[in-house]
> 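Let me begin by handing over the structure; questions about it come next.
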2 protein chains.
Amino acid sequence: MQIEFKIKLNNSLFLRDPDGTEIGKNIIRKSIKLISEIGYEQFNFKKLALEIPTTEATVYRYFENKHKLLIYLIDYYWAFIRYQVLFNINNLKSPADKIRTIIDLLVWEDNSVTYSTDIDQKALYYIAITDGSKTFLSKEVDNLNKNQVFVPYKELCELIASVFKEYNPEYKFSNSLASTLVEASHLQYFFMHHLPRLCDFADHKDPKVLELFLENLVFGALDNQ
Amino acid sequence: MQIEFKIKLNNSLFLRDPDGTEIGKNIIRKSIKLISEIGYEQFNFKKLALEIPTTEATVYRYFENKHKLLIYLIDYYWAFIRYQVLFNINNLKSPADKIRTIIDLLVWEDNSVTYSTDIDQKALYYIAITDGSKTFLSKEVDNLNKNQVFVPYKELCELIASVFKEYNPEYKFSNSLASTLVEASHLQYFFMHHLPRLCDFADHKDPKVLELFLENLVFGALDNQ
DNA sequence: TTTTTATGATAGTATTACTATTGTTTTAAA
DNA sequence: TTTAAAACAATAGTAATACTATCATAAAAA
């Protein structure tokens, strides 16, 4: 089955909508490729233009700077995950099953379903892990936030928090637990591959064990109060 | 009571030991001041030299680049927190009390004990929150890790994990729970002040409520298995 | 068919992230 | 006490980054 998937992102992120033109789509596609290959710090618009290929000036007509482009990619990522969550918990009755499904979707496995977007989902997942938090961890955060650029992330967390509330209406920290779950799913995956002493999954590097940890964490918190 | 506190950090982080000279100590002091004021991205060695005051060239004789300097600061921070944890859980019998003490030390409160180092502890805490994860979230991570630069962070997590093991020897994810706790303590504090919809502490911005969340999270996980 | 818009090609600027050199001061060893 | 070594200031310079500006051309819309 091929599912069409379109997201409209906050237009304060770009000068020209990259989704409207072929060259714009290439900026997105190739920036995902390049950032996942060389890392966000080494990435710049000159290298991107070379890769597309186009000119640096053209890239600057779409995005003010590489930070805005990164936020665009990460927003897309969160919106996409949220879509998958909505789609997959839709027909589930039990909140516990919904939670397990959410955790399964948050952690990449090589048999993960990919959709017919022209975007390299796995590369984008790696960027989200390594660079996602850089979108907001800066002095710019309050200004960016005024422009609503973190809405996709918030909406995903809200959705997850609402499932937590469904599971246990008495639980007082649904939002914090949701953002902690989302962040931990990324960070523990990163640790599993790069800083194994900070986690307990180094031996087999099995995402399923990471999921077990997260399930224990979430249900432990929700059942504890 | 005034407690003297000295830490020797990994010498692959610097070219000349900043702890050995007055100008070196100023590099540390003033970089903490500057980074906490203008943010890591806007910070550079030219501005730092101006602040000290010294020349840019002199700063480069101590640190290769600003990323290494950041790691130095963050390593110092983790070593310092670990020292505080060791000191404060030393005379506690109950593992549960130790855990509550650890969580209390991880979350900044304005009545937090500060030590007679010449370092602005609160400014360093803010840098650790906003920039701490930038030390390892890059393509450089594996090379840096080979040089042992993340040891202070690992040692803190190991210490915390050992307390978890003491509390519940059956628990399988002590390391992951430790790193998740440490990261969540920072991130939820950041959300409390900048992205309130991602947490549940926005109303009163009370660190004590954040501590409650973390305690529930940790004991929930540890009691669940 | 004319006008608008997007892109390519090119050039240029300010800032960043360094490296190199040389003379002077401070510190340490002889 | 003298001498040598190390540290620092002052200055200059380079390569890369992060943009901005201009103008010609091609494609699309009116």
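Letters go in sequence order (proteins before strands), and every chain restarts at 1. On a predicted model such as this, the values are computed, not experimentally measured, just so you know.
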> With the threshold set at under 4.0 Å for non-hydrogen atoms, list the residues of residues 16-25 of chain A touching DNA chain D in residue-number order.
none

> Is any side-chain N of the basic residue among E140(B) and K68(B) closer than 4.0 Å to the acidic one's carboxylate O?
no

> Using whole Å, what does the distance between atom P of nucleotide dA7(D) and atom CG of N26(B) come to?
17 Å

> Determine whether V85(A) and I81(A) make a side-chain contact, defined as any pair of heavy atoms from C-beta on separated by less than 4.5 Å.
yes

> What is the distance from CG of L15(A) to P of dA6(C), rounded to the nearest Å?
12 Å

> Please determine if D75(B) and K8(B) form a salt bridge, counting it only when a charged side-chain N lies under 4.0 Å from a carboxylate O.
no

> Can you name the nearest heavy-atom pair linking Y60(A) to L15(A), along with the distance?
O-CD1, 3.3 Å

> Tell me the closest heavy-atom pair linking I127(B) and I32(B), and the distance in Å.
CD1-O, 3.4 Å

> Side chains of Y40(B) and T130(B), heavy atoms from C-beta outward: is any pair under 4.5 Å?
no

> Checking E211(A) against E109(A) for the side-chain contact (heavy atoms from CB on, under 4.5 Å) test, could you report, in this order, the C-alpha distance in whole Å, the side-chain angles of both residues, the deciding distance, and whether it holds?
CA-CA 10 Å; E211(A) 290 181 27; E109(A) 292 159 275; 2.8 Å; yes

> Check whether K47(B) reaches the backbone of Q42(B) with its side chain - one donor and one acceptor, N or O, closer than 3.5 Å.
yes

> Are E158(A) and R197(B) ion-paired here, with the side-chain N under 4.0 Å from a carboxylate O?
yes

> Between dA17(C) atom P and L70(B) atom CG, what is the distance in whole Å?
13 Å

> Set out, line by line, the N/O atom pairs under 3.5 Å between protein and nucleotides 26-30 of chain D.
none

> Among H186(A), H193(A), H194(A), find the residue that satisfies the ring-ring contact (aromatic ring centres under 6.0 Å, His included) test when tested with F190(A).
H194(A)

> Whole angstrom is fine here: how far is it from CD in E56(B) over to C1' in dA10(D)?
12 Å

> Output the residues of residues 133-147 of chain A in contact with DNA chain D, where contact means a heavy atom of the residue under 4.0 Å from an atom of the strand; sort by number or write none.
none

> Report the residues that fulfil side chain to side chain contact (heavy atoms under 4.5 Å, CB included) with T58(B), sequence neighbours left out, ordered by chain and then residue number.
I23(B), T54(B), T55(B), R61(B), Y62(B)

> Within this structure, what is the CG-to-C1' distance between L50(B) and dA10(D), rounded to whole angstrom?
14 Å

> Pick out which of Y125(B), F213(B), W108(B) makes a ring-ring contact (aromatic ring centres under 6.0 Å, His included) with Y189(B).
Y125(B)

> Within residues 29-44 of chain A, find the residues that approach DNA chain D with a heavy atom at under 4.0 Å, and present them sorted by residue number.
N44(A)

> Taking all non-hydrogen atoms of both residues into account, name the closest pair between S31(B) and L48(B) and its distance.
N-CD1, 3.6 Å

> Counting the benzene-type ring for Trp, do F63(A) and F45(A) have ring centres under 6.0 Å apart?
no

> Within this structure, what is the NZ-to-P distance between K46(A) and dA18(D), rounded to whole angstrom?
11 Å

> Starting the side chain at C-beta, find the nucleotide from dC19(D), dG8(C), dA20(C) nearest to T54(A).
dG8(C)

> Sub-3.5 Å donor-acceptor pair from the side chain of S179(A) to the main-chain atoms of N175(A), do we have one?
yes

> Give a yes or no on whether a salt bridge exists between E51(A) and R29(A), defined as a side-chain N under 4.0 angstrom from a carboxylate O.
no

> Which of residues 58-68 of chain A have a heavy atom under 4.0 Å from DNA chain D?
Y60(A), R61(A), E64(A), N65(A), K66(A)

